[in-house]
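Here is the structure we will look at, set down as structure tokens.
Note: hydrogens, waters and symmetry copies are ignored here, and every other heavy atom, side chains too, is used.
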Amino acid sequence: MGLMPYHLEKGHFLLLLEDTLNEGIEAVVDNDAVVTFPGLTRRYSMLDYMRAVLARPCDLIDGEQEEGSSLWWPGWMTDSDISFGAFRAVAQEWFGYRIRPDGSLDTKPKPNKPTGMWDGYQGNVERIMANVFVRAIEVSLGIDHDAPVPSGAPPRSWPIYFFFKCQQPFFEGWVTWQCHSVNRRAAGQTTVMFATPGHNHPVSDHPIPIVAPGGHVDILIPTLRNDGEFKENPVRAPAADTLGEPHQGVWVVTHRDHKRLNVFDTSVPSGYLEWGPPLLPIIAPENFCDVVTVQPAARSGGINAEKPRYIAP
């Protein structure tokens, strides 16, 4: 979940969400006669639950009701189950809720305060995300919006993939899809992009962790990880992870490092009560010819060599 040092990320939480909704879909990919898989049962459950979340009344002053929050979907796992604080991070940093000592949620918005970690933005992130979950699952199953949940096999069973993208002025979700064949149940995919506001931490101006003496040390980007998952100039895009399970990946291609140039005022003097053009810094590469390909570490929003596994509550 981190501080998102890159503009496009996957990370632990979204990998876990994918595994929750896609578990077992390989059987459908391999055999079109297969109609069910564990992730399908969870999609039905999440779809029903998130529709109920959206049916809750929402007050302009008091915000969302605590009871029936999307965070209480029974398919979610606790932080102790998955060994990192996904629940707390989503509740506090994404939705802007406060977790009381007894574990309940204070969901009332704070007037004139940003939502969670989204600096300069106030909005109903929970309702946006619940709508995205509903729409993405409906698309993946091939059913119309608000149509009844199928009693058996859906018209299709497409895998669902999730990404973050930051920074922008407001929070929004994008649901996209691609059909690869109309003759096979799983021949297509649904891809979701959560486009997020800024979080009062800079996106890294260099994709590679720098720790050399006198170098551009990542003081402000503590989540830019130089661990075993990180690779500079990766060679192979494996189809399977370390346990032989189907795998995916994220690479970023950009300049090795960037700098901020001074901008000189070349405008003519303005008259009384007139404003000249605003002066903005120019971001430029340190070396115009130095371009790198980087495989971010999972804790920097990349993808583990071994994907997180869903453990049923």
Aromatic ring centroids of Phe87 and Trp72 under 6.0 Å? yes

Set of salt bridge (charged side-chain N to carboxylate O under 4.0 Å, His left out) partners for Glu64, sequence neighbours left out: Arg56, Arg127

With sequence neighbours excluded, residues passing salt bridge (charged side-chain N to carboxylate O under 4.0 Å, His left out) with Glu229: none

Between Gln178 and Gln189, is there a donor-acceptor pair closer than 3.5 Å when you use the side chain of the first and the backbone of the second? no

Give a yes-or-no answer on whether the side chains of Asn22 and Arg43 include a donor-acceptor pair shorter than 3.5 Å. yes

Group every Ile, Leu, Val, Met, Phe, Trp and Tyr by side-chain heavy-atom contacts under 4.5 Å, then state whether Phe133 and Leu54 land in the same group. yes

Asp241 side, atom CG; Asn304 side, atom CG - distance, nearest 0.5 Å: 9.5 Å

Please determine whether residues Leu8 and Trp118 belong to a single hydrophobic cluster, defined as Ile, Leu, Val, Met, Phe, Trp and Tyr linked transitively by side-chain heavy-atom distances below 4.5 Å. no

Side chain Ser70, main chain Ala130, donor-acceptor under 3.5 Å: no

Donor-acceptor contact below 3.5 Å, side chain Asp119 vs main chain Tyr121: no

Heavy-atom count check: over 12 atoms from other residues, nucleotides or ligands less than 6.0 Å from Ile61 CD1? no

Establish whether Met193 and Val134 are linked, either directly or via other cluster members, by ILVMFWY side-chain heavy-atom contacts under 4.5 Å. no

Identify all side-chain donor-acceptor contacts of residues 152-164 below 3.5 Å with residues at least two apart in sequence or on another chain.
| residue | atom | partner | partner atom | Å |
| --- | --- | --- | --- | --- |
| Arg156 | NE | Val139 | O | 2.9 |
| Arg156 | NH2 | Val139 | O | 2.7 |

Cut-off 3.5 Å, side chains only: do Ser69 and Glu126 have a donor facing an acceptor? yes

Any sub-3.5 Å donor-acceptor pair from Arg256's side-chain atoms to Val292's backbone N or O? no

Please tabulate, one pair per line, all N/O donor-acceptor pairs under 3.5 Å involving side-chain atoms of residues 168-176, not counting sequence neighbours.
| residue | atom | partner | partner atom | Å |
| --- | --- | --- | --- | --- |
| Gln168 | NE2 | Phe170 | O | 2.7 |
| Gln168 | NE2 | Glu172 | OE2 | 3.3 |
| Glu172 | OE2 | Trp174 | NE1 | 2.9 |
| Thr176 | OG1 | Thr191 | O | 2.9 |

Return the set of residues passing side-chain contact (heavy atoms from CB on, under 4.5 Å) with Ser104 (not counting sequence neighbours), or none when no residue passes. Glu66, Arg100, Asp102

May I ask you to say whether Arg51 pairs ionically with Glu138, meaning some side-chain N is under 4.0 Å from a carboxylate O? yes

Using modelled atom types and a 3.5 Å cut-off, is there a donor and acceptor pairing between side-chain atoms of Arg98 and backbone atoms of Gly96? yes

Exam field: side chain Asp59 to backbone Gly63, donor-acceptor pair closer than 3.5 Å: no

Taking a hydrophobic cluster as the set of Ile, Leu, Val, Met, Phe, Trp and Tyr residues connected by side-chain heavy atoms closer than 4.5 Å, whether directly or through intermediates, do Met117 and Phe95 fall within one such cluster? yes

Would you find more than 12 non-hydrogen atoms of other residues, nucleotides or ligands less than 6.0 Å from Arg88 atom CZ? no

Count the heavy atoms of every other residue, nucleotide or ligand shown that sit under 6.0 Å from CG of Asp144, and state whether that count exceeds 12. no

Checking Glu18 against Gln248: is there a side-chain donor and acceptor pair closer than 3.5 Å? yes

Where the side chain of His255 meets the backbone of Val291, is there a donor-acceptor pair that is under 3.5 Å apart? no

Arg135 atom CZ: more than 12 heavy-atom contacts under 6.0 Å: no

Under 4.5 Å between side-chain heavy atoms, counting indirect links through other Ile/Leu/Val/Met/Phe/Trp/Tyr residues: same cluster for Trp76 and Ile128 or not? yes

More than 12 heavy atoms of other groups within 6.0 Å of Trp177 CH2: no

Under the salt bridge (charged side-chain N to carboxylate O under 4.0 Å, His left out) test, residues paired with Lys231 that sit two or more places apart: none

